[in-house]
Undergrad: 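Mind having a look at this structure? Questions to follow.
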Amino acid sequence: MVEWDIRKLQILRTLRERGTVTATAEALRMTPSAVSQQLTNLAKQLGVPLLEAQGRRVRLTDAARLVLRHAEAVFEQLERADAELAAYVHGEVGEVRVGAFSTAVPALVVPAVRALREAHPGVVVRVREAEAGEAYELLAAGDVDLALSLAAQAPTAADPRFTRVPLLADPLDIALPRDHPLADADGLRLADLAGEPWIFGGSGPWSDITRGACEAAGFSPVQGHSAAGWTAILAMVEAGMGVALVPRTAAVRREGGVVMRELTADRPRRHVVAAVRKGAEEGAAVGRVLDALRAVASGLADGPSR
């Protein structure tokens with residue numbers, strides 16, 4: 001049998017994800033020459049060429065892709081072994097590093113941490129605010145153990161590196177100025193606001209969510225103003241400059257000037273998911289954190305609009 005070197009396989013896997021030797025070296029805190037040398041040694045050990053020149057870059061050979069396809073099962077099993085060993089040695093003690101997008105931190109992560117302190121004080125959670133792209137890079141690199149993102153920004157279920165865990169179908173409420181004619185209307189629907197100026201970001205997931213919800217209700221929203229932060233968006237709503245869809249988990253309480261209305265027939269939602277490295281979900285500490293996040297998410301889904 002050929003000699004399989006896990007560390008060298010991890011380098012090859014990172015090259016596949018990062019695309020260049022330089023980027024691989026940066027991700028693994030190595031020098032480019034060390035990366036090249038390790039991959040050359042791996043090719044000799046396996047007896048097959050793993051890289052071929054493509055201009056000034058390199059690309060993986062079919063043999064390299066075959067090797068990595070089998071290596072994914074090895075990495076998954078090693079994650080399981082790490083998880084089981086940690087559960088055996090530590091039991092209720094462990095550290096879980098969580099990467100989460102900005103609105104998920106106060107709405108989901110902080111309440112989950114509070115609950116864990118009461119029920120499982122030996123489980124320590126380290127939180128790092130990170131948007132989806134960065135969170136999944138950190139997760140793949142082993143710098144966080146769990147990543148929270150919107151489902152639209154998460155890796156697909158077919159990605160062999162991660163296990164996705166649905167957490168929350170977050171209702172989207174409509175923010176109206178207090179003196180808006182429809183502020184107290186019964187049975188408010190998105191279509192009732194088709195003629196209003198809308199406030200949302202110029203691009204990115206929230207723009208897509210707003211446009212998609214309105215189009216599902218039968219109209220294209222006219223963007224009156226562009227803003228990314230909820231404080232700015234709600235300040236403009238309060239000033240009568242437009243209306244906005246606001247996730248229930250992100251709604252900021254304001255004194256008097258903004259009315260948050262639950263929509264009736266339309267009821268758009270954004271879906272929030274967690275992801276862990278394949279096999280790591282079996283770890284006791286990670287499982288405790290996932291359970292706490294699910295409990296918080298369940299309460300948010302059942303709660304009233306604000």
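No experiment lies behind these values; they were computed from the predicted model shown.
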Undergrad: How about Arg16: does its CZ atom have over 12 heavy atoms from other parts shown lying under 6.0 Å from it?
TA: yes

Undergrad: Taking only Lys NZ, Arg NE, NH1 and NH2, and the carboxylate oxygens of Asp or Glu, determine whether Asp291 and Arg294 approach each other closer than 4.0 Å.
TA: yes

Undergrad: Hey, mind stepping through Thr249 and Val272 against side-chain contact (heavy atoms from CB on, under 4.5 Å) and telling me if it holds?
TA: CA-CA 11 Å; Thr249 57; Val272 180; 5.9 Å; no

Undergrad: If you look only at pairs with a residue in residues 102-112, which of them pass as a side-chain hydrogen bond (donor to acceptor under 3.5 Å, both in side chains), with sequence neighbours excluded?
TA: Thr103-Arg270

Undergrad: Quick one: does any side-chain atom of Gln223 pair with a main-chain N or O of Phe200 as donor and acceptor, under 3.5 Å?
TA: yes

Undergrad: Which residues, ordered by chain and number, are linked to Val222 in its hydrophobic cluster, where ILVMFWY side chains connect at heavy-atom gaps below 4.5 Å, directly or through other members?
TA: none

Undergrad: Testing the basics here: between Glu79 and Ala280, what is the closest heavy-atom pair and its distance to 0.1 Å?
TA: OE1-CB, 4.0 Å

Undergrad: Enter the distance from Phe101:CZ to Glu131:CD here, rounded to the nearest 0.5 Å.
TA: 8.0 Å

Undergrad: Is the closest basic N to carboxylate O distance between Arg97 and Asp145 below 4.0 Å?
TA: yes

Undergrad: Kindly write out the residues that satisfy side-chain hydrogen bond (donor to acceptor under 3.5 Å, both in side chains) with Thr31, not counting sequence neighbours, or none if the list is empty.
TA: Ser33

Undergrad: Does atom CZ of Arg57 have more than 12 heavy-atom neighbours, drawn from other residues, nucleotides or ligands, at distances under 6.0 Å?
TA: no

Undergrad: How far apart are the closest heavy atoms of Val67 and Trp4, and which atoms are they?
TA: CG1-CZ3, 3.7 Å

Undergrad: Going by side chain to side chain contact (heavy atoms under 4.5 Å, CB included), Leu12 matches just one of Val35, Leu46, Leu68. Which one?
TA: Leu68

Undergrad: Report whether Val289 and Val124 are members of the same hydrophobic cluster (ILVMFWY, side-chain heavy atoms less than 4.5 Å apart, transitive linking).
TA: no

Undergrad: Between Ala274 and Leu148, which heavy-atom pair has the shortest distance, and what is it?
TA: CB-CD1, 4.1 Å

Undergrad: How far apart are the C-alpha atoms of Ile6 and Val74, what are their side-chain angles, what is the distance that settles it, and do they pass the side-chain contact (heavy atoms from CB on, under 4.5 Å) test?
TA: CA-CA 9 Å; Ile6 297 301; Val74 176; 3.7 Å; yes

Undergrad: How long is the span from the CG atom in Leu146 to the CZ atom in Arg277, to the nearest 0.5 Å?
TA: 9.5 Å

Undergrad: Say you draw a straight line from OG of Ser36 to CD1 of Ile11; how long is it, rounded to the nearest 0.5 Å?
TA: 10.0 Å

Undergrad: Report whether Leu66 and Val58 are members of the same hydrophobic cluster (ILVMFWY, side-chain heavy atoms less than 4.5 Å apart, transitive linking).
TA: no

Undergrad: Counting only heavy atoms not in Arg7, do more than 12 fall under 6.0 Å of its CZ?
TA: yes

Undergrad: Assess the side chains of Gln45 and Asn41: does a donor N or O sit below 3.5 Å from an acceptor N or O?
TA: no

Undergrad: With sequence neighbours left out, write down each residue that passes side chain to side chain contact (heavy atoms under 4.5 Å, CB included) with Ala239, or none if nothing qualifies.
TA: Met241

Undergrad: Does Glu215 form a side-chain contact (heavy atoms from CB on, under 4.5 Å) with Ser220? I'd like the steps, not just the answer.
TA: CA-CA 5 Å; Glu215 288 168 3; Ser220 295; 4.1 Å; yes

Undergrad: Who are the side chain to side chain contact (heavy atoms under 4.5 Å, CB included) partners of Ala23, not counting sequence neighbours?
TA: Arg18, Thr20

Undergrad: Can you list the steps and then say if Val237 with Val259 is a side-chain contact (heavy atoms from CB on, under 4.5 Å)?
TA: CA-CA 9 Å; Val237 171; Val259 175; over 6 Å; no

Undergrad: Is there side-chain contact between Leu176 and Val258, with heavy atoms separated by less than 4.5 Å?
TA: no

Undergrad: Between Ala169 and Arg269, which heavy-atom pair has the shortest distance, and what is it?
TA: O-NH1, 3.3 Å

Undergrad: Distance from Asp173 atom CG to Arg267 atom CZ, nearest 0.5 Å?
TA: 10.5 Å

Undergrad: Can you tell me which residue among Val296, Leu300, Leu293 is in a side chain to side chain contact (heavy atoms under 4.5 Å, CB included) with Leu168?
TA: Leu300

Undergrad: Is a side-chain donor or acceptor of His120 paired with a backbone partner of Gly122 at a separation under 3.5 angstrom?
TA: no

Undergrad: Would Leu167 and Val127 show up in the same hydrophobic cluster when neighbours are defined by side-chain heavy atoms closer than 4.5 Å?
TA: yes

Undergrad: Which residues pass the salt bridge (Lys or Arg N to Asp or Glu O under 4.0 Å) test with Arg164, sequence neighbours left out?
TA: none

Undergrad: For Pro268 and Ala213, work out which heavy atoms get closest and say how close.
TA: CB-CB, 3.8 Å

Undergrad: Among all residues two or more places apart in sequence or in another chain, which pass the salt bridge (Lys or Arg N to Asp or Glu O under 4.0 Å) test with Glu95?
TA: Arg126

Undergrad: Are Phe219 and Leu188 linked, directly or through intermediate hydrophobic residues, by side-chain heavy-atom contacts shorter than 4.5 Å (ILVMFWY only)?
TA: yes

Undergrad: Which value, rounded to the nearest 0.5 Å, describes the distance between Leu193 atom CG and Arg261 atom CZ?
TA: 9.5 Å

Undergrad: For Gln38, give me all partners under side-chain hydrogen bond (donor to acceptor under 3.5 Å, both in side chains), at least two apart in sequence or on another chain.
TA: none

Undergrad: When clusters are formed from ILVMFWY side-chain contacts under 4.5 Å, directly or step by step, what else is grouped with Leu138?
TA: Tyr136, Leu139, Val144, Phe162, Val273

Undergrad: List in chain and number order the residues that pass salt bridge (Lys or Arg N to Asp or Glu O under 4.0 Å) with Glu76, two or more places apart in sequence or in another chain; answer none if no residue qualifies.
TA: Arg80

Undergrad: By the salt bridge (Lys or Arg N to Asp or Glu O under 4.0 Å) test, which pairs, at least two apart or in different chains, include something from residues 176-185?
TA: none

Undergrad: What is the minimum heavy-atom distance between Thr163 and Lys278, and which atoms define it?
TA: OG1-CD, 3.3 Å

Undergrad: Once salt bridge (Lys or Arg N to Asp or Glu O under 4.0 Å) is applied, do any residues pair with Glu134, and if so which ones, sequence neighbours excluded?
TA: Arg128

Undergrad: To the nearest 0.5 Å, how far apart are CD in Glu118 and CG in Leu116?
TA: 10.5 Å

